[in-house]
2 protein chains.
Amino acid sequence: MLEALASRGLKRTPQRLALIRELADDPSHPTAMELYERLRASMPTMSFATVYNTLSALCEQGLCTARALEPGPVRFDPNVEPHDHAVCDACGRVIDISQAGSSPSRVAVTGFAVRSVERIYRGRCVGCAAPAEHAARAEHTTGD
Amino acid sequence: MLEALASRGLKRTPQRLALIRELADDPSHPTAMELYERLRASMPTMSFATVYNTLSALCEQGLCTARALEPGPVRFDPNVEPHDHAVCDACGRVIDISQAGSSPSRVAVTGFAVRSVERIYRGRCVGCAAPAEHAARAEHTTGD
DNA sequence: TGTCTTAGTTAGAAGGATTCTTATGTGCAA
DNA sequence: TTGCACATAAGAATCCTTCTAACTAAGACA
């Protein structure tokens, strides 16, 4: 990700390097505010606008993606490969799911020129499923 | 939808009836602002907060759902059956897609208790695909 | 290494979306 | 019809995101 910066004509500033390091290490799909809070620990002078500027620049260059999986602030995802997401109803956690395995290669969307397909699984993550397991079991059947 | 109001203990006020009529007739997944603008034509005194209050009440009662398919304002969907969506990259239009037909009844999400699965198709709708058809043809392969 | 140019950063304001507050109004049951 | 609880209106507050302008620093080049 770092070497991609230079090859795209983006300057390697300390702020960008810190943000990229923070984002690349993080599979939790943080919001801009979460990234800002964490970065401020090591860079107290960093501006919130810089976080947005940098994230927009990265997204524009295809180095990360902005995702709105549920109402609320946008989440940023360093994984730019096509993949699915599992969203926990209870804690809001977002988990990446590889798209390998299930592949409806043609979809029945009349007249719609499909570029990509993404699945969103909703339910409960490991941590939240355990306490509510008996309650969830009743409606555990995957929906379709 | 109207009769569902009473059975759930919600009062049938003119504002709610108007909003429900507007929403139920509309497959375009309008935003709260769009609904407000349309309703104001017939109910000039209607407050924007009422639109939000009513939509929240309806969502809470399971009579509609709030969807964040892309960054920006939340869109409201009168279709509460499990279904997929096609989002146009060009005009932002959101189209409902029936889930009948493709059904990965079990998904390989380790440790995640799946309640529902939703697919989001991205690409170009009929109106937008035509003008850009030759350009789109190159990357028309559906992704997975 | 020093200077220049351009892009990036900062701080804060602005704007859009959503929620909250409070006084007032209204549907509905008795 | 009356009374009560819920709904509405209006606007403020809050949250998220983008924009602006002045300053700063990265990278290119001599």
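Keep in mind that the numbers below use all heavy atoms, side chains included, and drop hydrogens, waters and symmetry copies.
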Check your understanding: Considering the options Asn53(A), Thr50(A), Leu10(A), which one meets the side chain to side chain contact (heavy atoms under 4.5 Å, CB included) requirement together with Arg16(A)?
Key -> Leu10(A)
**Study point:** d(CE, Met43(A); P, dT10(C)) in whole Å
**Key:** 7 Å
Check your understanding: From the list dA7(D), dT18(C), dC16(D), which nucleotide is the closest neighbour of the side chain of Thr13(B)?
Key -> dA7(D)
Exercise for review: Looking only at side-chain atoms of Tyr52(B), point me to the closest of dT18(D), dA10(D), dT18(C).
Suggested key: dT18(C)
Check your understanding: When all nucleic acid strands are considered with a 4.0 Å heavy-atom cut-off, which category describes Thr31(A): base, sugar-phosphate, or nothing?
Key -> nothing
Revision key, fill the gap. Picking from dT9(C), dA26(D), dT19(C), the nucleotide nearest the side-chain atoms of Thr54(A) would be dT9(C)
Practice item. Would you mind telling me which of dG27(D), dT17(D), dC28(C) lies closest to the side-chain atoms of Lys11(B)? Key: dC28(C)
Practice item. Mind checking Met33(A) for me? I need base, sugar-phosphate or nothing, with any heavy atom below 4.0 Å counting as a touch. Key: nothing
Exercise for review: Can you figure out which of dT17(D), dC28(C), dA11(C) approaches the side chain of Val74(A) most closely?
Suggested key: dT17(D)
Exercise for review: Among dT8(D), dG12(C), dT18(C), find the nucleotide with the atom closest to the side chain of Ala49(A).
Suggested key: dG12(C)
Exercise for review: Just say parallel, tilted or perpendicular for the rings of His83(B) and His29(B), cut-offs at 30° and 60°.
Suggested key: tilted
Practice item. With the side chain of Thr50(A) defined as its heavy atoms from C-beta on, choose the nearest nucleotide among dT8(D), dT9(C), dC28(C). Key: dT9(C)
Review point. The side chain of Met46(A) lies closest to which of these nucleotides: dT9(C), dT10(C), dA7(D)?
Key: dT10(C)
Exercise for review: Kindly say whether, by distance alone, the side chain of Thr45(B) makes a donor-acceptor pair under 3.5 Å with the base of dA9(D)?
Suggested key: no
